[in-house]
Trainee: 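Here's a structure for you.
A, B, ... follow the sequence lines: proteins, then strands. Residue 1 opens every chain.
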Amino acid sequence: DAKTTQPPSMDCAEGRAANLPCNHSTISGNEYVYWYRQIHSQGPQYIIHGLKNNETNEMASLIITEDRKSSTLILPHATLRDTAVYYCIVRVGVTNSNSGYALNFGKGTSLLVTP
Amino acid sequence: GAVVSQHPSRVICKSGTSVKIECRSLDFQATTMFWYRQFPKQSLMLMATSNEGSKATYEQGVEKDKFLINHASLTLSTLTVTSAHPEDSSFYICSATPLYEQYFGPGTRLTVT
């Protein structure tokens, strides 16, 4: 799996957009970018994933650069409950249901949303 | 979304005893489940891959005789920590994939005294 690099920590004011960057310069053509987050003392939570197009869901938006060497997770209106460690993970896509692949978690970005 | 449960959420046991942790996929079947371990202030580390109907695959450095994994059905995997020691105290998390995303259980906090 390609390695990812994230800043260790970030702050964001409540109500503002939180933009979390991730570098994955060695990503290969069949690898997806996945984002998960882990709130303290809970299991990780899936946020979003993408291959090369920008993606948006009810939780966040994922912007992937054209060369796919970096991406940004955007939480459009951060709340205090978004305080968590955010993990950017590069992984080949799952082609068979019910199996899947283990995830290689790096150190992530600890996001603190302040009032 | 898909739900993965774990039981118990917290357990305290004495050194030398064994502890069983259950991981269930509540609304989907999973031929494969994963077990992770997380020490304080560290990231998740994969311990083993649990395969329904066959032996688990352990990561390097994880003792298969100490961490027994049983995946007896498509919705249940169990991790048994045998002869637990204080250094086994950790946060144990399981996960499974219903389709493309991996879903995680809420974790089990094990404290060995």
Side-chain angles (χ1 to χ4, degrees), chain A residues 1 3-9 22 30-51 53 55-60 62 73 83-112, chain B residues 1-6 9-10 21 23 25 27-54 56-59 62 71 73-75 90-111:
Chain A
D1 299 335
K3 182 179 177 180
T4 63
T5 304
Q6 299 177 251
S9 64
C22 179
N30 64 343
E31 289 182 314
Y32 287 70
V33 180
Y34 287 83
W35 283 84
Y36 285 78
R37 73 180 182 183
Q38 185 180 25
I39 296 170
H40 183 62
S41 293
Q42 297 183 24
Q45 177 188 21
Y46 166 81
I47 302 173
I48 198 167
H49 76 282
L51 182 62
N53 296 324
E55 302 287 344
T56 296
N57 62 22
E58 64 278 5
M59 289 184 69
L62 174 60
L73 178 75
T83 292
V85 178
Y86 287 78
Y87 297 98
C88 169
I89 300 169
V90 171
R91 177 77 249 194
V92 293
V94 176
T95 55
N96 296 316
S97 61
N98 298 329
S99 57
Y101 298 94
L103 296 174
N104 185 8
F105 287 84
K107 296 184 178 181
T109 295
S110 179
L111 174 68
L112 175 65
Chain B
V3 178
V4 175
S5 71
Q6 279 184 245
S9 58
R10 290 178 176 273
I21 302 170
C23 176
S25 56
D27 51 1
F28 65 96
Q29 294 182 331
T31 55
T32 303
M33 292 184 175
F34 303 98
W35 287 96
Y36 296 82
R37 179 169 55 180
Q38 186 175 33
F39 292 107
K41 298 191 184 302
Q42 294 187 23
S43 190
L44 283 79
M45 294 296 295
L46 179 68
M47 296 177 65
T49 301
S50 173
N51 304 298
E52 190 268 336
S54 64
T57 305
Y58 291 82
E59 295 300 298
V62 178
H71 195 152
S73 77
L74 288 171
T75 60
S90 188
F91 193 48
Y92 292 86
I93 308 169
C94 69
S95 71
T97 303
L99 191 60
Y100 302 115
E101 312 88 60
Q102 197 162 123
Y103 288 87
F104 290 81
T108 297
R109 177 76 59 190
L110 170 63
T111 302

Trainee: Which heavy atom of B:Ser43 sits nearest to which heavy atom of A:Gly106, and what is that distance?
Mentor: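 Closest approach of B:Ser43 to A:Gly106, heavy atoms only: OG-O, 2.5 Å.
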Trainee: Within this structure, what is the CG-OH distance for the pair B:Leu44 and A:Tyr36, rounded to the nearest 0.5 Å?
Mentor: 11.5 Å
Trainee: Tell me, side chain or backbone of B:Gln6 under 4.5 Å from chain A's heavy atoms, or both, or neither?
Mentor: neither
Trainee: Quick check: does any side chain N or O of B:Tyr36 sit under 3.5 Å from a backbone N or O of A:Gly43, one acting as donor and the other as acceptor?
Mentor: no
Trainee: To the nearest 0.5 Å, what is the distance between OG on A:Ser110 and NZ on B:Lys41?
Mentor: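 If I round to the nearest 0.5 Å, the distance is 9.5 Å.
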Trainee: Between B:Gln102 and A:Ile89, is there a side-chain heavy-atom distance shorter than 4.5 Å?
Mentor: no
Trainee: Counting only heavy atoms not in B:Met45, do more than 12 fall under 6.0 Å of its CE?
Mentor: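 Counting neighbours around CE of B:Met45, 12 or fewer heavy atoms of other residues, nucleotides or ligands fall under 6.0 Å, so no.
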Trainee: Angle class for the A:Phe105/B:Phe104 ring planes (parallel below 30°, perpendicular above 60°, tilted otherwise)?
Mentor: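 Rings of A:Phe105 and B:Phe104: perpendicular, as their planes differ by over 60°.
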Trainee: Between B:Phe91 and A:Gln42, which heavy-atom pair has the shortest distance, and what is it?
Mentor: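 Looking at all heavy atoms of both residues, the shortest contact is CE2-O, 3.7 Å.
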